[in-house]
There are 2 protein chains.
Amino acid sequence: MPITQPAAHPDDPDEGGSVDALVQASFATMAVLNKVGADHDLSLTQLRVLAILRDRRLRMTGLADYLGLDKSTMTGLVQRAEKRGLLRRVANRTDGRVVDVMLTTAGVDLADRIRHHVAQSLSPMIGTLSQPDQRRLTTLLFRMIGRR
Amino acid sequence: MPITQPAAHPDDPDEGGSVDALVQASFATMAVLNKVGADHDLSLTQLRVLAILRDRRLRMTGLADYLGLDKSTMTGLVQRAEKRGLLRRVANRTDGRVVDVMLTTAGVDLADRIRHHVAQSLSPMIGTLSQPDQRRLTTLLFRMIGRR
DNA sequence: TATTGTTATACTCTATAACTATA
DNA sequence: TATAGTTATAGAGTATAACAATA
């Protein structure tokens, strides 16, 4: 099921198809993440919130920066997650304007379950590669996005 | 800017970090696509619609299948794109129930511009890899998602 | 009867602008 | 004045259920 069309135009600078490979692999990955989220009644954004807060405590603005969203968007996002008991809003003691956000125990548990679920759900795709190829891919991807 | 947390748990089956690499690279890629879409006043989904229809004509259901969305979702999606003059709905002659969807000239033009814009926007990321590494990455990704 | 598409409905996600409280 | 967060508002995206038209 092609999600975007393969490049097949002579004036395209991406002769090797790197762009298409990356875009198609990304859409395939996002589809899996989306499915995992849906299985836990979470949107992709909520999934990210959980992942980000899994071992971090952030203020509203910090969370918005991580997600690339406006701070006003965070209010509803955090509110809905709070109502589900996944996280807590805590007034910051040193700065009265700041609201810190942290996962509850239930939130951490769900984040962990999701992490495993994601790994399992992606394994059919990743598993098509040999172990050495998986290592090569990992190295290349981390190098590309500037980690490691 | 880490988007998800790195795996650092001993009970995690993804020892090599393939899952994290793929997820993080995918989020980075989606952020770029999202930005490109926004620059053209298109959501990620509308961007995909254009890419899918770039050299294809599909019925509503076919489009929904490609996108993994419900057919009822397509109505509004296509309606808004049609109002912008990017695509047309055409009654199918052999089956009166079917509505075919195809890009207008303006739609094809925009799809082409976006394709180039995407390639340009991803090039800083992809370009951090050497040419041989780019080829290796492309091969691995296509192999992983089962193309080529 | 089954399939195709739309409509009605309800929610989530998202940004912009205006606001409150604190610094 | 500037910053942190919320609220009000508007629109897009999404699914479910019910529906009309066609096969």
Side-chain angles (χ1 to χ4, degrees), chain A residues 3 27 30-31 33-53 57-84 86-102, chain B residues 3 27 30-31 33-53 57-84 86-102:
Chain A
I3 293 163
F27 272 117
M30 297 313 282
L33 294 181
N34 205 53
K35 175 67 166 52
V36 171
D39 287 345
H40 296 271
D41 260 298
L42 290 172
S43 70
L44 208 45
T45 306
Q46 296 280 13
L47 196 95
R48 292 178 75 189
V49 168
L50 251 59
I52 290 168
L53 292 179
R57 171 200 289 231
L58 287 172
R59 55 175 64 182
M60 295 295 282
T61 304
L63 205 44
D65 289 344
Y66 262 94
L67 294 165
L69 299 172
D70 192 88
K71 56 185 174 146
S72 67
T73 301
M74 294 314 307
T75 302
L77 225 38
V78 166
Q79 219 162 43
R80 288 184 289 274
E82 190 176 32
K83 189 182 296 183
R84 289 181 53 176
L86 300 176
L87 51 79
R88 271 203 309 273
R89 277 191 276 201
V90 189
N92 187 296
R93 268 165 302 183
T94 56
D95 189 334
R97 300 168 300 180
V98 172
V99 173
D100 289 319
V101 188
M102 53 184 299
Chain B
I3 295 166
F27 272 118
M30 298 312 282
L33 295 182
N34 204 53
K35 175 68 166 51
V36 171
D39 286 346
H40 296 271
D41 260 297
L42 291 173
S43 71
L44 209 44
T45 306
Q46 295 281 12
L47 196 95
R48 292 178 74 188
V49 169
L50 252 59
I52 290 167
L53 293 178
R57 172 202 287 232
L58 287 173
R59 56 176 62 183
M60 296 295 283
T61 305
L63 205 44
D65 288 345
Y66 262 95
L67 294 165
L69 299 173
D70 193 87
K71 56 185 175 145
S72 67
T73 300
M74 294 314 307
T75 302
L77 226 36
V78 166
Q79 220 163 42
R80 288 184 288 274
E82 191 175 33
K83 190 182 295 181
R84 288 181 55 173
L86 300 177
L87 52 79
R88 271 202 309 273
R89 274 190 279 201
V90 189
N92 187 295
R93 269 164 303 184
T94 56
D95 189 333
R97 299 168 300 181
V98 171
V99 173
D100 289 318
V101 188
M102 53 184 299

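All values below were derived from every heavy atom in this structure, side-chain atoms included, with hydrogens, water molecules and symmetry-related copies excluded. By convention in this document, chain letters (A, B, ...) are assigned in the order of the sequence lines, proteins followed by strands, and residues within each chain are numbered from 1. Nothing here was measured: the structure is a model prediction, and the numbers come from that model.
A salt bridge links A/Glu82 with A/Arg89: the distance from a Lys NZ or Arg NE/NH1/NH2 to an Asp or Glu carboxylate oxygen falls below 4.0 Å.
Spacing between atom CD of B/Glu82 and atom C1' of C/dT6 amounts to 13 Å, rounded to whole angstrom units. Across the protein-nucleic acid pair, B/Leu47 atom CG and D/dA12 atom C1' stand 15 Å apart, rounded to whole Å. Between the C1' atom of C/dT3 and the CE atom of B/Met60 lies a distance of 15 Å, rounded to the nearest Å. Rounded to whole angstrom, the span from the CG atom of B/Asp39 across to the C1' atom of C/dA15 amounts to 15 Å. Here C/dT22 presents its P atom at 13 Å from CG of A/Asn92, a figure rounded to the nearest Å. Atom CG in A/Leu67 sits about 15 Å away from atom C1' in C/dA15, given to the nearest Å. Atom CG of A/Asp70 is separated from atom P of C/dA17 by 10 Å (rounded to the nearest Å).
Proximity of A/Thr75 to the phosphate of D/dG5: no side-chain N or O atom is located under 4.0 Å from OP1 or OP2. For the pair A/Thr73 and C/dT14, the criterion of a side-chain N or O lying under 4.0 Å from OP1 or OP2 is not met. The side chain of A/Gln79 contributes no N or O atom lying less than 4.0 Å from OP1 or OP2 of D/dT6. Within the 4.0 Å cut-off from OP1 or OP2 of C/dC13, at least one side-chain nitrogen or oxygen of A/Arg80 is found. Phosphate proximity of C/dT6 to B/Arg89: present, with a side-chain N or O under 4.0 Å from OP1 or OP2.
Backbone-only engagement by B/Thr45 is indicated by non-hydrogen atom pairs under 4.0 Å involving sugar-phosphate atoms exclusively. Within 4.0 Å (heavy atoms only), A/Ser72 reaches at least one base atom of the nucleic acid.
Interatomic distance, B/Leu44 CG to A/Met30 CE, rounded to the nearest 0.5 Å: 8.0 Å.
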